[in-house]
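Here the structure comes first, spelled out in structure tokens, and everything after it is commentary.
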Amino acid sequence: MKDNKNSEVTTPLPREEQGDGSLASKYSPAEVEGKWYQYWLDHKLFSSKPDGREPYTIVIPPPNVTGVLHMGHVLNETIQDILVRHARMEGKNACWVPGTDHASIATEAKVVNRLAEQGIKKSDLTREEFLKHAWAWTEEHGGIILKQLRKLGCSCDWDRTGFTMDEIRSESVIKVFVDLYRKGLIYRGVRMVNWDPKALTALSDEEVVYKEEHTKLYYMKYYLADSVPNDFVAGDGNVVHKDKRGYYAVVATTRPETIMGDVAMCINPNDPKNQWLKGKKVIVPVVGRVIPVIEDEYVDIEFGTGCLKVTPAHDVNDYMLGEKYNLEAIDIFNDDATLSDRISTAQQAALAAKSVPADFVIGLDRYVGTERFACRKQIAEDMTAAGLMEKIEDYDNKIGCSERTGVPIEPKLSMQWFLKMEHLADIALSPVMNDDIQFYPAKYKNTYRHWLENIKDWCISRQLWWGHRIPAWYLPTGGFVVAENEQEALQLAREKSGDANLQLADLRQDEDALDTWFSSWLWPISLFDGIRNPGNEEINYYYPTADLVTGPDIIFFWVARMIMAGYEYEGKMPFKHVYFTGIVRDKLGRKMSKSLGNSPNPLELIEKFGADGVRMGMMLSAPAGNDILFDEVLCEQGRNFNNKIWNAFRLVKGWEVADSEQPEAARIATQWFSAKLRLAAEELADDFSKYRLSEALMTVYKLFWDEFSSWYLEMVKPAYIDGKPQPVDRTTYDATLQFFEVLLKMLHPFMPFITEELWQAIYERKAGESIMQAELHLPAPSDADRQLCADFETVKEVVTAIRAVRSQKNIAPKEKLVLEMTQPQQAAGTQFSNAIMKMANLSAINVVTEKSSGSASFLIGTTEFAVPLGNLIDLDAERKKLETELQHLEGFLTSVEKKLSNERFVQNAPAAVVEMERKKQADAQQKIASIRETLASL
RNA sequence: GUCGGCAUAGCUCAGCUGGUUAGAGUAUCACCUUGACAUGGUGGGGGUCCUUGGUUCGAGUCCAAGUGUCGACACCA
């Protein structure tokens, strides 16, 4: 599985060139990306070994081994790569461990489907035969997604690639199972579980999703088996039903077919309308079984008729009632949710025990073997025909369905393995609540706490073959042993049975496999072999990992359980920070789905916009925890940005260098930009520390495009004389290259490919060197830096104002103008004057006491500027503009003065705030005065 | 039903412990094919910060209620 384009390594600096030897005007990612990824691999730049540096570890949320890359992965993996590359450039020993998940139920379902296409049924195969098919499938499709991650630029240490069912991970899972069993935390027993009748396995509570459905509510007649005594009177609150057959109670249900498992009817003892039913017996319609009326406050008086049918085998709440009142549980279904022949056996027994009028009864034989929904329809029809149905109403209901197969689950009593959660929940709660482990965004702490505080035991066994087989062996004489392997099992079995001649062949291993998440929860430990080999060098070094990046949908499945396992087996948190990503939606806010066709293929996007472009598109609107409305337009923006970087590089690289003196404008520009970089680096560090990655990207984006390209480069760009470009002085050139390099480093985590390409081209590099290892340490900005940048903002305002004058008066950029100003002491007027002249194309800046007549004037701060325009000036328009501004300023002044005249404000507000208001007042007054003066002179 | 998040420009979102008449990206409009880049440049327009009350000298920011919206959990058979 070799990446086609990546195999041939090319020269360090191949770039598409134009005929004349200059660089092409467009950046071409396709030529660059494969080349550099291979370079990184060839030089083992992603690989990590424990050393003296601070570790930075991320374990990948393992995608399904047979999965393919979708937009959700692109988001998730891009974030991880940004974090890893950022940490690596900070000088940390970055280790990103990739791998895949065997995804027990999902993969088994896919294999079963494929076999079905070939006409093979799973039930026709032995376990070994089936597993052979499953492994073949895994090898065929497995790892495709890992190859696709390379296209994205992910800097995983591929030598560490793990699989949740490889040898190390399998042994770890078994070891943990045995350990938890011996600690008494794992037990086996018959419980009500969620049964998936399609996958034919039990599921955990977390694997059940509720879907809204339009169904029916059936009101069925349960006739009284005994005569009705006369101790109730009509009108005393009792609601009594009677027809020609006799008295009856009405029971409302959404599942009429389950009456075959009815063993009681339950009323609320406080329900006035059902008092007459107390102590009675009723006859289950169709079935003919006579059942008692029991009383429990669990029953909601308001719902339906207040009469609840009790079917302990098929409803969790009924099961609890059954336990409480010691009722029989009649399981009416086969494993695939067709009706079992037990229903007719039970009916015969019931009819034999008690005689029931024949017209209440329908032979249940006809339903045996029918599918549950067909049966429901049929029995409703039959009851209606037999006059046993009072009425049928429309009803909206939420139905629990299997997350994986989508079919409605059946609550089913069955023998399963469970993990007690109380202790594990205990150790996992406080680290999150007190921020030892930090959630981003923090709102998920609530969700987390709620789940842990209401946790139930975890059903960990699955009636599947693709997974870790439960290490329990049953003895021929009954009972079982739990052991890490067959030898140990045999030994334990011999001890337990007292039969020293017992052979392995006498033992039968449990057929079930473990829930996939029972292996995933060990991932941050098992990847470093910390379960089998506790305290080894790797686990000591890399654990706890730094950041976990995942979706909030698996906070219970995975995140919470990793925290439990982490504390149970390492005594430490598995990760320090959890970054929850949102769901990737389309730009209309809809979930991406195959049927809507709104899910772009990431690989096609990469082809179209380049991996860097796609990564940027993804990150531009991806605040942690918010859903992402993905729009290709953002990838386009990413691609355009690449192109901008590329062209800035072309410009700088195209300069001729001379040993001339540095022009004043360039000198101040380099000073300013160097300060600007320090400020930006500080801002970036802050964004990263808060995991505000899209803001970090936006910070660099604006830094490169606006500050560097539009301001800095324009200020230092050598002029053209007689149509010929002049050379740049060496000082400026060197500074520019250094700035460029810093910018590339800042951009690298977000856009690894183009930054490597240009970093390699900007200076000569040694073989094997890479930008990804280049450290970025800028000194903290000084007060002088801050002042300089603030002053420069004023410069920009002046330049922009002059450009606005040009734009309004339609004066060509080439035409030189003169600027007049009244306050020479202003920063903007002195050290920056050369820069202003260059950026605004001025021939002079004159300090004047009185502006020329016929000039366009403007205020920056309290300094007055004017551009003499001669007869170009439109006095009316000028007056109008000034009047608008005057109005605005006067309104402003009024509000400030109102504040200042409020004694309570002056007394209560901090001195600095009051001072600020006074300054605002003075400034506004001065501005108003100068505008009035200008107006008067017009 | 319980709990939680969110509501700011056409769109997507910033706005930290309250303190200049609220910002960014994008979209949009006008002008400009100059010599890195039209995948570009320059300039402009655009907001009752959901509503109502309260606290405060001062509220987009804090509190309460309401409305809308999204989510988690629990579900009445």
Side-chain angles (χ1 to χ4, degrees), chain A residues 22-23 25-27 210 217 251-255 258 266 298-311 315 317-318 395 397-398 400 441 443-448 450-451 454 552-553 555-556 583 587 589 609 613 620-621 623 625-629 631 633-634 636-637 639-655 686 690 692 694-695 698-699 701-702 709-710 713-714 717 719-720 723-725 800-801 803-808 810 812-814 888-889 891-892 895-896 899 902-910 912-914 916-917 919-920 923-924:
Chain A
S22 65
L23 298 173
S25 69
K26 285 177 179 49
Y27 169 65
Y210 288 87
L217 193 57
V251 171
T253 183
T254 53
R255 303 196 60 187
T258 61
C266 190
Y298 163 75
V299 177
D300 181 353
I301 296 174
E302 302 302 319
F303 188 88
T305 56
C307 296
L308 172 71
K309 63 195 265 320
V310 182
T311 323
D315 183 278
N317 296 308
D318 291 13
Y395 188 64
N397 197 14
K398 271 187 190 158
K443 64 178 174 182
Y444 290 110
K445 282 164 75 175
N446 282 328
T447 314
Y448 182 83
H450 185 264
W451 186 71
N454 296 282
D553 50 329
I555 188 168
F556 309 135
I583 297 168
K587 62 179 166 186
F609 301 107
L620 273 179
S621 63
N626 280 16
D627 284 358
I628 284 99
L629 304 193
D631 191 344
V633 167
L634 294 172
E636 208 176 310
Q637 198 185 343
R639 181 203 58 194
N640 293 353
F641 185 40
N642 279 347
N643 217 45
K644 184 75 182 177
I645 298 168
W646 178 254
N647 276 296
F649 177 78
R650 276 178 71 210
L651 170 70
V652 175
K653 216 53 192 174
W655 283 341
D686 184 56
K690 292 173 180 150
R692 296 159 69 138
S694 36
E695 289 188 29
M698 189 47 70
T699 300
Y701 176 77
K702 286 191 284 190
S709 299
S710 299
L713 287 179
E714 292 300 332
K717 199 154 122 183
Y720 271 69
K724 278 182 67 185
T800 302
R803 285 172 177 170
V805 170
R806 279 187 197 278
S807 182
Q808 280 152 21
N810 250 320
K814 273 184 171 172
H888 177 260
L889 277 168
F892 177 70
S895 81
V896 172
K899 240 188 239 187
N902 182 342
E903 261 175 53
R904 284 182 301 175
F905 169 73
V906 180
Q907 274 166 16
N908 295 328
V913 173
V914 178
M916 183 77 80
E917 292 300 315
K919 186 170 187 309
K920 272 154 60 179
D923 285 359

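Lettering of chains follows the sequences in order, A, B, ..., and the numbering in each one begins at 1.
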In whole angstroms, the gap separating C1' of B/C57 from NZ of A/Lys899 amounts to 9 Å
(message) Could you check whether A/Arg650 and A/Asn647, counting side-chain N and O atoms only, form a donor-acceptor pair closer than 3.5 Å?
(response) yes
Check: Using atom P of each nucleotide, how far apart are B/U28 and B/U51 to the nearest Å?
Finding: 29 Å
- With rounding to whole Å, what would you report as the distance between B/C31 and B/G25 at their P atoms? 23 Å
- Item | Aro-ring/base stack A/Phe303-B/A77, d under 5.5 Å, angle under 30° | no
Quiz item: Which part of the nucleic acid, if any, lies within reach of A/Arg806 when heavy atoms closer than 4.0 Å are counted: base, sugar-phosphate only, or nothing?
Solution: nothing
Given protein heavy atoms under 4.0 Å, the one-letter contact record of nucleotides 39-47 of chain B, with B base, S sugar-phosphate only and - none, is simply BSSSS----
Checklist entry - Which value, in whole Å, describes the distance between the P atoms of nucleotides B/C63 and B/U55? => result 15 Å
Distance col, row A/Arg639:CZ vs A/Tyr27:OH, nearest 0.5 angstrom, shows 13.0 Å
Looking only at B/A36, B/G25, B/C57, the nucleotide nearest the A/Arg650 side chain is B/A36
Next item on the list: Please confirm whether the backbone N or O of A/Glu695 pairs with a side-chain atom of A/Thr699, one donor and one acceptor, at under 3.5 Å?
Entry: yes
Side-chain atoms of A/Ser709 come closest, of B/C57, B/A36, B/A77, to B/A36
B/U26 versus B/U67 - spacing of their C1' atoms, nearest Å:
30 Å
By nearest-nucleotide position on RNA chain B, the 5'-leaning member of A/Arg255 and A/Lys814 is A/Lys814
_Short side-chain N/O contact to B/C37 OP1/OP2 from A/Tyr27, under 4.0 Å_ = no
C1' spacing across the pair B/C13 / B/U17, given as an integer number of angstrom
23 Å
Rounded to whole Å, CD of A/Glu714 lies from C1' of B/U34 at a distance of 10 Å
Report, as yes or no, whether the 6.0 Å neighbourhood of atom CE on A/Met698 holds more than 12 heavy atoms from other residues, nucleotides or ligands.
-> yes
Dot-bracket for RNA chain B, 5' to 3', Watson-Crick and G-U pairs with both distances under 3.5 Å, [ ] for crossing pairs, | for partner on another strand, reads (((((((..((((.....[...)))).(((((.......))))).....(((((..]....))))))))))))....
Next on the checklist: For A/Lys587, I'd like to know if atom NZ has over 12 heavy atoms of other residues, nucleotides or ligands within 6.0 Å.
Outcome noted: no
Look at all strands and tell whether A/Val299 reaches a base, only sugar-phosphate, or nothing, counting heavy atoms closer than 4.0 Å. base
Keeping A/Asn908 on the side-chain end and A/Arg904 on the backbone end, is there a donor-acceptor pair under 3.5 Å? yes
Practice item. Describe the nucleic acid contact of A/Tyr448 in one word from base, sugar-phosphate, nothing, applying a heavy-atom distance below 4.0 Å. Key: nothing
Expected rows: protein N/O vs nucleotides 68-75 of chain B N/O, under 3.5 Å:
residue : atom : partner  : partner atom : Å
B/A74   : N6   : A/Lys398 : NZ           : 3.2

Separation of the P atoms in B/U61 and B/C70, to the nearest angstrom: 24 Å
When rounded to whole Å, the CG to C1' distance for the pair A/Asp631 and B/U12 reads 10 Å
*How is A/Met698 classified with respect to the nucleic acid when contacts are heavy atoms under 4.0 Å: base, sugar-phosphate, or nothing?*
sugar-phosphate
A/Glu695 atom CD is separated from B/G15 atom P, nearest whole Å, by 6 Å
When the P atoms of B/A74 and B/U2 are compared, how many Å lie between them, rounded to an integer? 16 Å
With no hydrogens and no angle check, is any side-chain donor or acceptor of A/Asp627 less than 3.5 Å from a backbone partner on A/Ile583? yes
Q) Which is true for A/Leu629 with a 4.0 Å heavy-atom rule: it touches a base, it touches only sugar-phosphate, or it touches nothing? A) sugar-phosphate
- request: Quick one: label A/Pro910 by what it contacts on the DNA or RNA (base, sugar-phosphate, nothing), any heavy atom closer than 4.0 Å.
  value: base
- prompt: Which whole number of Å gives the distance between the P atom of B/A59 and that of B/U52?
  reply: 14 Å
Sugar-phosphate only, base, or nothing, as touched by A/Asn902 at under 4.0 Å among non-hydrogen atoms | sugar-phosphate
Whole-Å distance, A/Lys702 NZ to B/G23 P, equals 13 Å
### Query
A/Lys724 near the nucleic acid: base, sugar-phosphate alone, or nothing, with a heavy-atom cut-off under 4.0 Å?
nothing
Is A/Gln637 near enough to B/U26 that one of its side-chain N or O atoms lies under 4.0 angstrom from OP1 or OP2? yes
(Q) Base, sugar-phosphate or nothing for A/Asn908? Non-hydrogen atoms, less than 4.0 Å. (A) base
